Amino acid sequence: MERLGQHHRTEAGRAPGDTELSGLIGELVTRSDQFRAAWGKHDVRLHRTGRKAFDHPAIGEITLDFDAMELPAHPASR
């Protein structure tokens, strides 16, 4: 739950006017003590590397490793 709070804090900072994200965060804060505690720490987490698993309808489960590349000259491309 800690990482979820950190990730959502990062995304909220990138898109402060996103009403859907604000609504989701509000719902999580009111319904989950764990999320409320993580959100209250104000920690930020950027996912620079990792692994994602997807369940593709045609071929089944796919697991992909990723590395993020920051393009500071183009903030809209994040």
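Remember, predicted model here, so these are calculated numbers, not experimental data. All residue numbers in this chain count up from 1 along the given sequence.
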Residues which pass side-chain contact (heavy atoms from CB on, under 4.5 Å) with [X], listed by chain and number, not counting sequence neighbours:
X     : result
Ala12 : Leu21, Ile25, Trp39
Leu28 : His8, Leu24, Phe35
Glu27 : Arg31

Could you tell me which residues satisfy salt bridge (Lys or Arg N to Asp or Glu O under 4.0 Å) with Asp55, sequence neighbours excluded, listed by chain and number?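 For Asp55, no residue satisfies salt bridge (Lys or Arg N to Asp or Glu O under 4.0 Å) once neighbours in sequence are set aside.
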Can I get a per-line list of side-chain donor-acceptor pairs under 3.5 Å for residues 58-68, giving both atom names and the distance, sequence neighbours left out?
residue : atom : partner : partner atom : Å
Asp65   : OD1  : Arg51   : NE           : 2.7
Asp65   : OD1  : Arg51   : NH2          : 3.1
Asp65   : OD2  : Arg51   : NH2          : 3.4

Within the supplied structure, the quantity of interest is the number of heavy atoms (other residues, nucleotides, ligands) at a distance under 6.0 Å from Gln34 CD; does it exceed 12?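 Counting other residues, nucleotides and ligands, CD of Gln34 stays at 12 neighbours or fewer.
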Quick one: closest heavy-atom pair of Ser22 and Pro16, and the distance?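 Closest heavy-atom pair between Ser22 and Pro16: OG-O, 4.4 Å.
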